[in-house]
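First comes the structure, then the notes that go with it.
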Amino acid sequence: MSVKFDHQFNASANELWAILGTPDRIDWVPGATSCTFDGSVRSLSLLGAGDIKERILSHDNDARTMEYSCFQTLAPLKSHHASIHVISEGNGCRLLWETSVTPIEIETFIRTSMEGCIEKLTEILSQADSQ
């Protein structure tokens with residue numbers, strides 16, 4: 001199952017990438033209480049989901065893309081692969097974010113989590129814009 005978001009932001013691609021392209025930055029992830037990043041594995045603690053580990057599969061600052069895969073979680077996850085791409089567009093930017101996950105029962109949790117992240121990103125970027 002894939003969950004896809006194509007979201008327009010009223011911020012520059014570089015502003016959005018400064019948040020998303022920093023693997024250990026978690027202020028945009030609702031419920032995240034801590035995070036460490038060892039250069040290839042991001043370890044997060046999430047309220048309601050426990051501790052998870054994600055492998056950063058690719059990270060390209062020039063293209064503003066990142067791929068990652070969750071490989072350790074309390075959820076009965078069989079597979080997980082996500083990609084993020086930030087595209088400059090006019091005075092703003094677009095976030096293309098896709099997550100493929102099995103089993104399908106986890107899809108609702110993933111979709112809700114991604115929606116919460118987009119809301120938080122919008123809030124962070126609007127606060128930065130007003131300063």
Side-chain angles (χ1 to χ4, degrees):
M1 181 72 192
S2 281
V3 180
K4 298 178 185 180
F5 285 93
D6 181 344
H7 189 84
Q8 184 77 33
F9 286 94
N10 293 321
S12 75
N14 287 337
E15 288 174 297
L16 181 57
W17 185 248
I19 299 168
L20 295 177
T22 306
D24 58 351
R25 183 170 174 177
I26 60 169
D27 59 333
W28 62 278
V29 180
T33 58
S34 67
C35 178
T36 59
F37 180 60
D38 70 5
S40 64
V41 174
R42 173 170 49 192
S43 301
L44 295 137
S45 289
L46 299 169
L47 295 174
D51 294 336
I52 67 169
K53 290 191 181 206
E54 299 172 331
R55 187 171 319 284
I56 305 300
L57 304 171
S58 68
H59 184 273
D60 185 330
N61 284 321
D62 293 331
R64 292 188 291 270
T65 61
M66 184 167 60
E67 291 183 59
Y68 60 96
S69 178
C70 182
F71 66 92
Q72 184 177 319
T73 178
L74 296 175
L77 188 66
K78 290 183 181 174
S79 69
H80 174 278
H81 181 270
S83 63
I84 290 175
H85 187 186
V86 177
I87 302 167
S88 184
E89 195 168 87
N91 291 331
C93 67
R94 286 173 55 204
L95 168 62
L96 304 178
W97 191 6
E98 181 174 358
T99 301
S100 298
V101 63
T102 56
I104 194 169
E105 292 81 13
I106 297 176
E107 183 266 338
T108 300
F109 175 79
I110 296 292
R111 179 178 302 282
T112 302
S113 177
M114 291 169 72
E115 288 170 346
C117 288
I118 289 172
E119 289 174 17
K120 193 71 172 156
L121 286 165
T122 301
E123 179 185 312
I124 291 167
L125 290 167
S126 67
Q127 288 173 353
D129 193 41
S130 66
Q131 292 179 354

Problem - For A75 against I106, the heavy-atom pair lying closest together - result: CB-CD1, 4.2 Å

Handout entry: Atom pair CD1 (I110) and SG (C70), whose distance is rounded to the nearest 0.5 Å
Key = 7.5 Å

Exercise for the section: Check whether any side-chain heavy atom of I52 lies under 4.5 Å from a side-chain heavy atom of L77, and answer yes or no. Expected result: no

Problem - Any R111 side-chain heavy atom under 4.5 Å of T99 side chain - result: no

Exercise for the section: Using a 4.5 Å cut-off on heavy atoms from C-beta on, say whether the side chain of C35 contacts that of S43. Expected result: no

Exercise for the section: Please answer whether the main-chain N or O of E67 pairs with a side-chain N or O of S83 as donor and acceptor at a distance below 3.5 Å. Expected result: no

Problem - Check: G21 main-chain N/O paired with H59 side-chain donor or acceptor under 3.5 Å - result: yes

Practice task
For D38, look at atom CG and say whether over 12 heavy atoms of other residues, nucleotides or ligands are found less than 6.0 Å away.
Solution key: yes

Problem - Hydrophobic cluster identity match, V41 and Y68, side-chain contacts under 4.5 Å - result: no

Exercise for the section: To the nearest 0.5 angstrom, please state how far the CZ atom of F5 sits from the CD atom of E115. Expected result: 4.0 Å

Exercise for the section: For residues V29 and K120, determine if any side-chain heavy atom of one lies less than 4.5 Å from a side-chain heavy atom of the other. Expected result: no

Exercise for the section: Could you tell me whether the side chain of T122 reaches within less than 4.5 Å of the side chain of H7, counting heavy atoms only? Expected result: yes

Exercise for the section: Please tell me if the side chains of V101 and F109 come closer than 4.5 Å, counting only heavy atoms from C-beta onward. Expected result: no

Practice task
To the nearest 0.5 Å, tell me how far T33 OG1 sits from L47 CG.
Solution key: 5.5 Å

Practice task
Mind running side-chain contact (heavy atoms from CB on, under 4.5 Å) on F37 and T22 for me, showing each step along the way?
Solution key: CA-CA 10 Å; F37 180 60; T22 306; over 6 Å; no

Practice task
Specify the closest pair of heavy atoms between P76 and P103, including all atoms of both residues, with the distance to one decimal.
Solution key: O-CD, 3.1 Å

Practice task
Determine, stepwise, if the pair V86 / F9 fulfils side-chain contact (heavy atoms from CB on, under 4.5 Å).
Solution key: CA-CA 10 Å; V86 177; F9 286 94; over 6 Å; no

Problem - Connected via hydrophobic side-chain network under 4.5 Å: I118 and L44 - result: yes

Problem - Short N-O contact, R25 and D27, less than 4.0 angstrom - result: yes

Practice task
Report the distance from atom OG1 of T102 to atom CD of E107, rounding to the nearest 0.5 Å.
Solution key: 12.5 Å

Problem - Any W28 side-chain heavy atom under 4.5 Å of L20 side chain - result: yes

Exercise for the section: Look up atom CD1 in I56 and atom OG in S40, then write down how far apart they are to the nearest 0.5 Å. Expected result: 8.5 Å

Practice task
Flag the pair W17 / C93 as yes when at least one side-chain heavy-atom distance between them is below 4.5 Å, and no otherwise.
Solution key: no

Practice task
Could you tell me the separation between the CD1 atom of I26 and the OG atom of S34, rounded to the nearest 0.5 Å?
Solution key: 6.0 Å

